[in-house]
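Remarks on the structure that follows.
These numbers come from the heavy atoms of this one structure, side chains and all, not from hydrogens, waters or symmetry mates. Everything numeric in this text was worked out from a predicted model, so none of it was measured.
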Amino acid sequence: MFPGVNGFHWTFGHILFVSIFCTVGLVILTAAIVAAYRSWRDARLNREPRIRWQSDFHDLSDRERRCRHMLSGETQSRLCPNAFECRDCVTHPKFVELAPMVDETMPVETYGLEFPVENYYHRGHAWVRPESNGTLVVGLDDLGRRLIGPPDHVRLPAPGTHLENNGVAWRGDRNGVAFRVLSPVEGEVIETGGPDQGWYLRLRPVANKPTDLRHLLHGHEVSGWLRDELDRLQMLLSPEATGPSLADGGVLMEDLSKAQPGANWDKVMGEMFLEP
């Protein structure tokens with residue numbers, strides 16, 4: 001009945017079964033080896049932040065994945081298919097080419113918040129400012145700052161740390177709620193600033209790789225995005241649950257997490273900082 005047992009005789013059925021069994025085993029073994037090699041390769045090349053962001057991006061809601069050109073009113077309905085990586089988008093240059101000329105001297109509507117026009121903005125509420133010496137300064141924008149208020153703890157990356165675009169720039173917590181801020185650019189940390197300096201990072205761009213900030217929001221397109229973010233925040237902090245979120249005059253109040261202790265801050269921080 002079995003090989004090695006008296007009276008056993010190989011038949012076509014036995015041979016077919018063993019062949020299929022060995023083939024399946026070989027396929028599984030090959031797949032495991034390939035997966036292990038790819039994991040080792042991605043870890044060696046520091047691709048883990050990029051892979052994680054791709055996964056997180058597809059878990060975001062449709063509203064969070066709105067195309068920048070939809071927020072600016074250039075198209076009625078479009079979701080970003082490229083994880084906010086406009087530099088790889090074949091459609092983005094077409095929108096830029098067809099966009100009407102904007103008077104750069106006109107003020108940008110920021111709804112009472114501080115959004116300097118020289119900065120470039122990430123959809124996760126970090127900004128980046130190119131410096132004359134070639135370095136890049138990264139910080140938390142004014143909406144993100146008001147959301148968190150004075151954090152209880154902040155964990156900044158050590159100098160020498162390499163940050164990936166859309167990887168975690170720094171982490172912190174406030175009132176027991178953890179948050180993390182995504183890096184808007186790739187580079188090596190060469191300096192960090194503490195609480196009295198606004199929790200900033202100074203990065204050295206990747207060598208022999210020109211700084212390209214086309215994937216970030218800039219100038220007048222910030223207004224449409226910011227208006228949508230404030231609407232989204234008002235929905236998360238519904239008046240029925242938490243009371244008003246705006247100070248007198250319609251400006252977002254300082255230290256919102258302290259002013260709205262009854263809000264679901266795990267959900268608010270997660271959605272506003274693009275953490276599904």
What I'd like to find out is whether the side chain of [X] reaches to under 4.5 Å of the side chain of [Y], using heavy atoms alone.
| X | Y | answer |
| --- | --- | --- |
| Leu203 | His162 | no |
| Glu118 | Arg129 | yes |
| Leu136 | Pro205 | yes |
| Arg63 | Met235 | yes |
| Asn119 | Tyr121 | yes |

Are [Y] and [X] co-members of a hydrophobic cluster defined by side-chain heavy atoms under 4.5 Å apart?
| X | Y | answer |
| --- | --- | --- |
| Leu274 | Trp265 | no |
| Leu226 | Leu256 | yes |
| Leu113 | Val128 | yes |
| Met269 | Leu230 | yes |
| Leu233 | Val181 | yes |

For the atom pair [atom1] ([X]) and [atom2] ([Y]), what is the distance rounded to the nearest 0.5 Å?
| X | Y | atom1 | atom2 | result |
| --- | --- | --- | --- | --- |
| Ser183 | Trp53 | OG | CH2 | 12.0 Å |
| Met272 | Leu237 | CE | CG | 8.5 Å |
| Cys80 | Asp62 | SG | CG | 12.0 Å |
| Leu236 | Gln260 | CG | CD | 12.0 Å |
| Phe179 | Trp170 | CZ | CH2 | 8.5 Å |
| Ile190 | Leu201 | CD1 | CG | 10.5 Å |

Heavy-atom pair of closest approach, residues [X] and [Y]:
| X | Y | value |
| --- | --- | --- |
| Asp152 | Gly176 | OD2-N, 4.4 Å |
| Pro130 | Leu213 | CG-CD1, 3.7 Å |
| Glu109 | Gly112 | OE2-N, 4.4 Å |
| Phe273 | Gly124 | CD2-O, 3.3 Å |
| Pro184 | Val138 | CD-CG1, 3.6 Å |
| Thr161 | Ala158 | OG1-O, 2.7 Å |

Within the side chain of [X], is there an N or O that forms a donor-acceptor pair under 3.5 Å with the backbone of [Y]?
| X | Y | value |
| --- | --- | --- |
| Gln54 | Ile51 | no |
| Thr75 | Arg78 | no |
| Asn82 | Phe84 | no |
| Arg68 | Leu216 | yes |
| His122 | Leu182 | no |
| Arg171 | Ala178 | no |
| Ser19 | Ile15 | yes |

The residue among Glu164, Glu186, Glu85 that forms side chain to side chain donor-acceptor pair (under 3.5 Å) with Arg50 is Glu164
Is the closest side-chain donor-acceptor distance between [X] and [Y] under 3.5 Å?
| X | Y | value |
| --- | --- | --- |
| Arg227 | Tyr111 | yes |
| Arg174 | Ser257 | yes |
| His125 | Glu229 | yes |

Worked check of salt bridge (charged side-chain N to carboxylate O under 4.0 Å, His left out) between Asp141 and Arg145
CA-CA 6 Å; Asp141 73 25; Arg145 182 186 66 81; over 6 Å; no
*Stepwise salt bridge (charged side-chain N to carboxylate O under 4.0 Å, His left out) test for Arg180 and Asp173*: CA-CA 8 Å; Arg180 59 101 172 95; Asp173 61 82; over 6 Å; no
| said: Checking Asp228 against Arg66 for the salt bridge (charged side-chain N to carboxylate O under 4.0 Å, His left out) test, could you report, in this order, the C-alpha distance in whole Å, the side-chain angles of both residues, the deciding distance, and whether it holds? | reply: CA-CA 10 Å; Asp228 191 74; Arg66 287 180 177 182; 2.7 Å; yes
Self-check item: Check against salt bridge (charged side-chain N to carboxylate O under 4.0 Å, His left out), Arg232 and Glu64
Solution: CA-CA 9 Å; Arg232 196 156 66 92; Glu64 292 168 306; 3.3 Å; yes
Notebook entry, point to check: What do the steps show when you test Leu252 against Leu147 for side-chain contact (heavy atoms from CB on, under 4.5 Å), and what is the final call?
Noted result: CA-CA 9 Å; Leu252 193 69; Leu147 276 171; 5.7 Å; no
| request: Please report the C-alpha distance between Trp127 and Val137 in whole Å, then the side-chain angles of each, then the deciding distance to 0.1 Å, and finally whether the side-chain contact (heavy atoms from CB on, under 4.5 Å) criterion is met. | output: CA-CA 8 Å; Trp127 55 259; Val137 179; 3.8 Å; yes
For this session: For Arg202 and Thr135, run side chain to side chain donor-acceptor pair (under 3.5 Å): C-alpha distance rounded to whole Å, both residues' side-chain angles, the deciding distance at 0.1 Å, then the answer.
Result: CA-CA 7 Å; Arg202 187 180 299 276; Thr135 62; 3.2 Å; yes
Sequence neighbours excluded, the answer for salt bridge (charged side-chain N to carboxylate O under 4.0 Å, His left out) partners of Glu275 is none
### Task
For the residue pair Phe115 and Trp225, categorise the inter-ring angle as parallel (less than 30°), tilted (30 to 60°) or perpendicular (more than 60°).
perpendicular
Does Glu131, at its CD atom, have more than 12 non-hydrogen atoms belonging to other residues, nucleotides or ligands within less than 6.0 Å? yes
Practice prompt. Take His215 and His92, measure what ring pair (Phe, Tyr, Trp, His ring centres under 6.0 Å) needs, and give me the verdict at the end.
Written response: CA-CA 10 Å; His215 62 298; His92 175 60; over 10 Å; no
